[in-house]
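Everything on this sheet refers to the single structure shown next.
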Amino acid sequence: MDNIDLLKNTIPIGKENAIHQKELSEKLGVKPAMVKRMVQDARRVGVGICSGTEGYWFAKDDIEKQAFIRLLRKQAVSRLTTVKPINDTLNTIKGQKEFNTVLNDKEVLSNGKKEKD
């Protein structure tokens, strides 16, 4: 059984049933850092594992999926906003998209749909 199957068979469905990283690592027999790596790898190939302070879970419905997506977008904007002042002190690498452009690109932040200002 590969790591993705292990995660699918161990992570519960529904935010209210979330499993903490430490408990998941014990069930899988790996270190907590390995759990994080396994989840990241699974997400990169399209496995929809949600996470938060509650732990890890698979969304039980579209409402949970949408809430998790909103959280990820807020985190992404927060990180870009944090990096912006530092980035502004650097010379932009040729061909690199500037952070101002990303932050102002409402199409990216709204999942491909243009937002009205």
Side-chain angles (χ1 to χ4, degrees):
M1 188 178 294
D2 69 1
N3 288 344
I4 291 175
D5 288 333
L6 285 172
L7 291 171
K8 285 181 176 179
N9 291 325
T10 310
I11 295 175
I13 296 172
K15 185 175 183 177
E16 68 277 2
N17 300 315
I19 183 171
H20 286 279
Q21 184 177 12
K22 184 177 179 183
E23 184 180 353
L24 186 56
S25 73
E26 290 169 359
K27 284 188 174 195
L28 297 175
V30 298
K31 294 182 179 183
M34 182 62 177
V35 167
K36 189 173 183 178
R37 208 168 305 123
M38 289 168 65
V39 168
Q40 288 173 342
D41 291 345
R43 285 175 171 164
R44 286 187 184 113
V45 296
V47 179
I49 301 170
C50 300
S51 61
T53 56
E54 304 83 357
Y56 295 103
W57 71 94
F58 285 103
K60 66 180 175 190
D61 55 27
D62 285 347
I63 293 170
E64 279 192 2
K65 288 177 189 174
Q66 290 169 347
F68 184 62
I69 290 167
R70 277 193 305 275
L71 173 68
L72 290 178
R73 286 191 179 133
K74 285 180 184 179
Q75 289 174 344
V77 169
S78 176
R79 287 180 184 203
L80 288 173
T81 302
T82 302
V83 171
K84 184 190 174 312
I86 298 167
N87 185 71
D88 288 348
T89 65
L90 296 173
N91 292 325
T92 303
I93 299 169
K94 191 172 185 172
Q96 177 179 338
K97 198 169 193 180
E98 293 189 25
F99 283 104
N100 287 342
T101 306
V102 174
L103 287 174
N104 292 326
D105 189 351
K106 302 220 182 202
E107 187 172 350
V108 169
L109 300 176
S110 63
N111 197 24
K113 298 176 184 171
K114 290 261 186 195
E115 289 184 355
K116 295 180 182 175
D117 288 328

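We're numbering straight along the sequence, starting at 1.
Proximity of F58 to I49: side-chain heavy atoms (C-beta onward) are separated by under 4.5 Å at one or more points. Using a 4.5 Å heavy-atom threshold, the side chains of V35 and K22 count as separate.
The hydrophobic cluster around L71 extends to F68, L72, counting ILVMFWY residues whose side-chain heavy atoms fall within less than 4.5 Å of a member.
To the nearest 0.5 Å, atom OG1 of residue T10 and atom CG of residue L28 are 4.5 Å apart. The CD1 atom of I13 sits 11.0 Å away from the SG atom of C50 when rounded to the nearest 0.5 Å. How far NZ of K27 is from CG of N9: 11.5 Å, rounded to the nearest 0.5 Å. Here the straight-line distance linking atom CD of E54 with atom CG of N17 works out to 11.5 Å at 0.5 Å rounding. The structure places OH of Y56 at 9.5 Å from CG of L7, a figure rounded to the nearest 0.5 Å. Distance check, rounded to the nearest 0.5 Å: CG of L24 to CG of L6 gives 9.5 Å.
The backbone N or O of I86 lies less than 3.5 Å from a partner atom in the side chain of T89, making a donor-acceptor pair. Using modelled atom types, no side-chain atom of S78 and backbone atom of K74 make a donor-acceptor pair closer than 3.5 Å. N87 places no side-chain N or O within 3.5 Å of a backbone atom of V83 that could act as its donor or acceptor partner.
With hydrophobic clusters built from ILVMFWY side chains whose heavy atoms lie under 4.5 angstrom apart, I19 shares a cluster with V39. If you chain together hydrophobic residues whose side chains sit under 4.5 Å apart, I63 and I69 never meet in one group.
Heavy atoms only, all atoms of each residue included: D61 and E64 are closest at OD1-N, 2.9 Å. When every heavy atom of A42 is checked against every heavy atom of I4, the shortest pair comes out as CB-CG1, 4.1 Å.
Contacts of K60 classified as side chain to side chain donor-acceptor pair (under 3.5 Å), with partners at least two apart in sequence or in another chain: E16.
For residues 28-43, the pairs satisfying side-chain hydrogen bond (donor to acceptor under 3.5 Å, both in side chains) are D41-R44, R43-S51, with sequence neighbours left out.
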